[in-house]
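Every heavy atom of this structure was used, including side-chain atoms; hydrogens, water molecules and symmetry mates were not.
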Amino acid sequence: MEELLDTAPCGFLSFTDHGIIVEINTTLLEMLGYSREELTNQKVESIFTVSSRIFYQTHFFPLITLQGKAEEIFLSLRTKSKKDIPVLANAVRRQREAGIVNECILIPVPQRRKYEDEILLARRRAEEALRSNEELVAAKRELEEHTQELDRKISRLEQTNREHLRVSQILFHDLREPLRKIATFMDLLLREHEMHLTPNMRLLLDRIQASFVRMEELLRALQQFAAVDSVEDLLVPVDLNEVVATAESALLGNGGSYNIPYEIQSETLPIIEGYHRQLVTLFSQLIDNSVKFRKPDSTLTIHISHSLLQQNSFRASKNRYRYIDFVKITFHDNGIGFDNTYKNSLFQLLKKLDLNSPGLGIGLAICKKVVENHYGSIEADAVIDQGATFTILLPLHQQVSPPVPMHASTQSTVDMRNSSNSFHKEQGD
């Protein structure tokens, strides 16, 4: 072997068709860690890894035999110390004096695996980017469809609201005018023909009068229900302690609607973001409900407590989650209670469990409306003769923003949670 080939910067070997090594250069011997005597006349497969041996038998040698050459074939050599060396092989089939030999150049490519991995990684990233782009396009298309659907729903809601406003105007104005005329004509009839009325005529007139009073009460109740949304309220920080005091004063104390012995025991409640007028209405209706269904000949006692918790703010969207801080308010009285079988129907408009009870069944429907306007919830529970409990969930904040951690939101009310305040009134105070 020529000296130039023996020390060339690549491995060289030649082998017969029987796979016997004929020549091998010093470069390849040093690469593998063998002496020339250890490899000469040995099987060429002895320097391959197991996988390369299989590839040599099934592809590499058949390719040389059929085409007379092989180019850029990737193989792995196994050194004497059992280390693997990746190489690129170029081979050619030649006729020599001693017969046909297969001459092979082996170029080490230690970085090849790294480059291949990088190429595969780049390809994967490109595919992921393409897939992400397709997902982005699909998400954009879906968002546009949802936006169009939302626009249609908003248009329908605006139209429905306009129709409801018109119906409200008819109910609270146009219908009241004929009612007033009916009342006026009845008064004229009674004054001018009172001496000529038979008992049967008086009975009929009394029934007309009762129907008139009932219609007036229904219109007044519906107007009260619609009035919850009739005024444009602004979202402002609302002190629930002041709200409870205002509602209590309007109904029970300081010349309020009722003159009964009562006691309201309330924890110091937090400040929340809400509609002040509606929240006063909420507690006014709850107190009014407790007064109407109190036990006779006993002091009405109301306990108001609260706790803070986190709830999912998404209510209509499935599989969507955003947890924000809520205040849970518990309103409990010592009244006559009710049968829990009917607790789910308590908040329906004009729904009454007892037809002989006072009121028209509007108060708790108003409570539900106010709570839902604040994106909260209200539930009722009771024990007969032991009172009723209303559980109200209201968000601390109404604006759409990242949820405030519980510890941060409670920091401002830590002095409130550890104290209590009691309102105590007796008849004649």
Side-chain angles (χ1 to χ4, degrees), residues 1-140:
M1 182 183 300
E2 296 181 4
E3 182 180 355
L4 186 62
L5 180 59
D6 190 43
T7 58
C10 61
F12 170 81
L13 62 80
S14 62
F15 57 92
T16 67
D17 285 349
H18 296 291
I20 302 300
I21 297 176
V22 177
E23 289 184 299
I24 185 168
N25 71 349
T26 300
T27 303
L28 185 55
L29 289 171
E30 291 176 351
M31 191 187 307
L32 298 175
Y34 286 102
S35 65
R36 196 177 302 277
E37 291 74 16
E38 288 179 304
L39 290 182
T40 303
N41 296 323
Q42 298 298 316
K43 285 281 189 180
V44 68
E45 296 178 36
S46 64
I47 65 173
F48 293 152
T49 61
V50 174
S51 60
S52 290
R53 289 177 189 175
I54 297 173
F55 187 79
Y56 166 81
Q57 295 170 358
T58 58
H59 293 81
F60 185 55
F61 182 69
L63 186 63
I64 298 173
T65 304
L66 292 173
Q67 298 186 1
K69 65 179 181 179
E71 296 176 345
E72 295 186 7
I73 302 300
F74 181 74
L75 298 170
S76 291
L77 305 183
R78 176 64 58 86
T79 68
K80 188 175 181 179
S81 61
K82 307 302 181 183
K83 292 182 178 179
D84 296 345
I85 299 177
V87 296
L88 277 180
N90 282 356
V92 63
R93 187 176 177 83
R94 297 186 187 280
Q95 179 68 46
R96 299 297 185 186
E97 294 179 0
I100 295 176
V101 293
N102 303 288
E103 297 176 347
C104 190
I105 295 295
L106 303 171
I107 303 172
V109 284
Q111 300 298 320
R112 177 186 173 93
R113 185 63 57 85
K114 175 183 176 182
Y115 295 149
E116 288 180 344
D117 290 344
E118 289 178 351
I119 291 172
L120 289 174
L121 179 60
R123 181 179 177 180
R124 251 191 326 267
R125 288 177 175 172
E127 291 174 348
E128 290 174 357
L130 179 61
R131 188 163 51 249
S132 297
N133 186 58
E134 292 173 350
E135 292 174 354
L136 181 61
V137 171
K140 182 180 179 181

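P86 and P110 get closest at one heavy-atom pair: CG-CA, 3.9 Å. The shortest heavy-atom contact between S76 and S52 is N-OG, 2.8 Å. The two atoms that bring R94 and E103 nearest to each other are NE-OE1, 2.9 Å, heavy atoms only. In plain terms, the two heavy atoms of T27 and A8 that are nearest each other are OG1-O, 2.5 Å. Closest of all the heavy-atom pairs between P108 and L106 is CD-O, 3.6 Å. Of all the heavy atoms in Q42 and S46, the pair that sits closest is CB-OG, 4.4 Å.
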From CA spacing to verdict: salt bridge (Lys or Arg N to Asp or Glu O under 4.0 Å), R36, E23:
CA-CA 9 Å; R36 196 177 302 277; E23 289 184 299; over 6 Å; no

Go through E45 and R53 one step at a time and tell me if the salt bridge (Lys or Arg N to Asp or Glu O under 4.0 Å) criterion holds.
CA-CA 6 Å; E45 296 178 36; R53 289 177 189 175; 5.5 Å; no

Applying ring pair (Phe, Tyr, Trp, His ring centres under 6.0 Å), run through Y56 and F48 and close with a yes or a no.
CA-CA 9 Å; Y56 166 81; F48 293 152; 5.7 Å; yes

Hey, mind stepping through E38 and K80 against salt bridge (Lys or Arg N to Asp or Glu O under 4.0 Å) and telling me if it holds?
CA-CA 10 Å; E38 288 179 304; K80 188 175 181 179; 2.9 Å; yes

Show your reasoning for whether side-chain contact (heavy atoms from CB on, under 4.5 Å) applies to L29 and L39.
CA-CA 8 Å; L29 289 171; L39 290 182; 3.8 Å; yes

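Side-chain contact between I85 and V87: present, with at least one pair of heavy atoms (C-beta onward) separated by less than 4.5 Å. Counting only heavy atoms from C-beta outward, the side chains of D17 and N102 approach each other to under 4.5 Å. The shortest distance between side-chain heavy atoms of L13 and N25 does not fall below 4.5 Å.
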Let me check something: any side-chain donor-acceptor pairs from residues 61-71 under 3.5 Å, sequence neighbours excluded? List them with distances.
residue	atom	partner	partner atom	Å
T65	OG1	F61	O	2.9

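The closest side-chain donor-acceptor pair between T26 and D6 falls under 3.5 angstrom.
Rounded to the nearest 0.5 Å, atoms OG (S14) and CZ (R93) are 13.0 Å apart. Between the OG1 atom of T79 and the CE atom of M31 there is a distance of 11.0 Å, given to the nearest 0.5 Å. The distance from the OG atom of S51 to the CG atom of L75 is 9.0 Å, given to the nearest 0.5 Å. To the nearest 0.5 Å, atom CG of residue L77 and atom CG of residue L28 are 6.5 Å apart. Between the CD1 atom of I47 and the CG atom of L32 there is a distance of 5.5 Å, given to the nearest 0.5 Å. Atom CZ of F15 sits about 11.0 Å away from atom CD1 of I20, to the nearest 0.5 Å.
Scanning for side-chain hydrogen bond (donor to acceptor under 3.5 Å, both in side chains) contacts around E30 gives an empty result, with sequence neighbours left out.
In this structure, the side chain of N90 engages the main chain of E72 through a donor-acceptor pair within 3.5 Å.
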